[in-house]
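Note sheet for the following structure.
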2 protein chains.
Amino acid sequence: MTFSEENYLKSIYALQKEHPKGVSTNVLSKYLDTKPASATEMIKKLDEKGLVHYQPYQGVILKDSGAVSALKIIRKHRLWETFLANKLDFSWDEIHDVAEQLEHIKSDKLIRELDKFLGYPKHDPHGDPIPDEEGNVVKMEKKRVSQLNPGDIGTCIGVNDTSSSFLQFLDQQNIRLGSVIHILSVQEFDKSMTVRIDDRELLLSQIATEHIYVRV
Amino acid sequence: MTFSEENYLKSIYALQKEHPKGVSTNVLSKYLDTKPASATEMIKKLDEKGLVHYQPYQGVILKDSGAVSALKIIRKHRLWETFLANKLDFSWDEIHDVAEQLEHIKSDKLIRELDKFLGYPKHDPHGDPIPDEEGNVVKMEKKRVSQLNPGDIGTCIGVNDTSSSFLQFLDQQNIRLGSVIHILSVQEFDKSMTVRIDDRELLLSQIATEHIYVRV
DNA sequence: TATATTTTTTAGGTTTGCCTAAATTTTAAT
DNA sequence: ATTAAAATTTAGGCAAACCTAAAAAATATA
Ligand SMILES: [Mn+2]
Ligand SMILES: [Mn+2]
Ligand SMILES: [Mn+2]
Ligand SMILES: [Mn+2]
């Protein structure tokens, strides 16, 4: 499987949650920063290989074999992210881009040994679960901060946006995995929230509250 | 720089020692398992980029900029080999192929951090020196076992053949970096040598003695 | 030196993954 | 139900990296 095929599979997997009845070439190409025509081509090829189900004009969904392939790449991506953050001095906003390259290295032994070396981690540095060798993922019960109400308390377990700018913002605000977030109040007009973290009060925009996941 | 360009530069660097006045497209393509016509094409491109000096029919040699690029890839290759052997449970005959992929990952920070994590190693698991960030290599005084005479003593510091079959042979014979080799006798007709290693006598073929490097 | 052999280059193709522009289909708006 | 707009596919191209076969140059042999 080529790098490009792997990236398409991984992207379809990610987009399927939001588009369960079919990921359109438009959405897919936007996500991958290519053009719809390129997505159509690639989807056709993946369909011929039996990895996806494609109906012209109806979008694409992964077949089981395609989902397993996608999860293997996601497993590699998250193990490498864990390596970069835990063993090397990478911060959580720096790891994604490098893992985007490392995830395509082909060696079953490498990924087994890496997993062992890292102590069989269950989650990557952004709080996302690491699939096992067969592609099984334990999906956590999680809510967005935006779904909480004043008085609620949540523990940060992940983020929904791995852009450098957002992760650096969280660093500045001392928000990390495990941070306990108390919801104090919600502004009616813009849905921004006042919260307390480590005895510090701060205001989070709606965008921010939608990108932070908590366990309640 | 593409993977392919990097592989060509690295190959030219390796072959230059044996072909100082120019690496032919024939030699180069054989080394890379491609065809001479493909080598000609690539060499032309590298020449246009100012990385090599190419005279039609006269072979190719690296310019300074090309040598620096090659050494950066070699540095990455050897650091990754060291990681696989020292941190993960890879044996020295398994590391080369995976490092051949890892060497192409683009991230200056990654390689700096990896170097730090490994404790700034000076040599890879095959005994080859690891170039520094500027591409400086310390070249060791070394001889092939085949160049020694009865009575000589050498310490194994490297090998000239990283094929699995050869490295597994060395493993079986308990020959590794640091092994002290006493030359006992040389057969006239086939240049095979009887040597002593760790109080064990054994016979090495000429091929073997030419592929083991020692410090005397 | 003339001829034969080998090496190297050139010419023309193929595959992968991308693109733009045009045609088609679907969806939304009158 | 028509028509307008948007999404999607098709058609035709391009660049990278490979290939085979033919032409050209260099080298070896007679
Ligand atoms: Mn990531
Ligand atoms: Mn990727
Ligand atoms: Mn190697
Ligand atoms: Mn390589």
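Throughout, protein chains are lettered first and strands after them, A, B, ... in sequence-line order, and every chain is numbered starting at 1.
Between B:Lys35 and D:dA17 there is no side-chain N or O to OP1 or OP2 distance below 4.0 Å. Checking the phosphate oxygens (OP1, OP2) of D:dA16, no side-chain nitrogen or oxygen of B:Ser4 falls inside 4.0 Å. Here A:Tyr54 reaches the OP1 or OP2 of D:dT9: one of its side-chain N or O atoms lies under 4.0 Å away. A close approach under 4.0 Å does occur between a side-chain nitrogen or oxygen of A:Thr2 and OP1 or OP2 of C:dG17. For B:Thr40, a side-chain nitrogen or oxygen approaches OP1 or OP2 of C:dT9 to under 4.0 Å.
Using a 4.0 Å heavy-atom distance criterion, A:Thr34 is classed as a sugar-phosphate-only contact. As judged by a 4.0 angstrom heavy-atom cut-off over every strand, A:Lys30 is placed among residues making no nucleic acid contact. Residue contacts for B:Ala37: at a heavy-atom cut-off of 4.0 Å it reaches a base atom on one of the strands shown.
B:Glu41 places its CD atom 15 Å from the P atom of C:dT14, with the value rounded to the nearest Å. Spacing between atom CD1 of B:Ile43 and atom P of C:dT10 amounts to 12 Å, rounded to whole angstrom units. What separates CG of A:Leu28 from P of D:dA7 is a distance of 15 Å, to the nearest Å.
If you check D:dT8, D:dC18, C:dC19 against the side chain of A:Ser24, the one that comes closest is D:dT8. Of the candidates D:dA16, D:dT9, D:dC19, D:dT9 carries the atom nearest the A:Thr25 side chain, counting heavy atoms from C-beta on. Closest contact between the side chain of B:Tyr8 and the listed nucleotides C:dT9, C:dT10, D:dC18 involves D:dC18. Picking from D:dA17, D:dT8, C:dT9 the nucleotide with the shortest atom distance to the side chain of A:Tyr57 gives D:dT8. Among the nucleotides C:dG17, C:dC19, D:dA7, the one closest to the side chain of A:Lys45 is C:dG17.
The aromatic rings of B:Trp80 and A:Trp80 sit perpendicular, their planes meeting at an angle over 60°, well past the 30° parallel limit.
If B:Phe3 and A:Pro36 are placed on DNA chain D by their nearest nucleotide, the residue sitting closer to the 5' end is A:Pro36.
Under a 4.0 Å N-O distance rule, the pair B:Lys116/B:Glu113 qualifies as a salt bridge. In this structure, B:Arg75 pairs ionically with B:Asp115, as a charged nitrogen and a carboxylate oxygen lie closer than 4.0 Å.
Using a 4.5 Å cut-off on side-chain heavy atoms (C-beta onward), A:Ile212 and A:Asn160 make no contact. Side-chain contact check for A:Gln16 versus A:Leu62: some heavy-atom pair is nearer than 4.5 Å.
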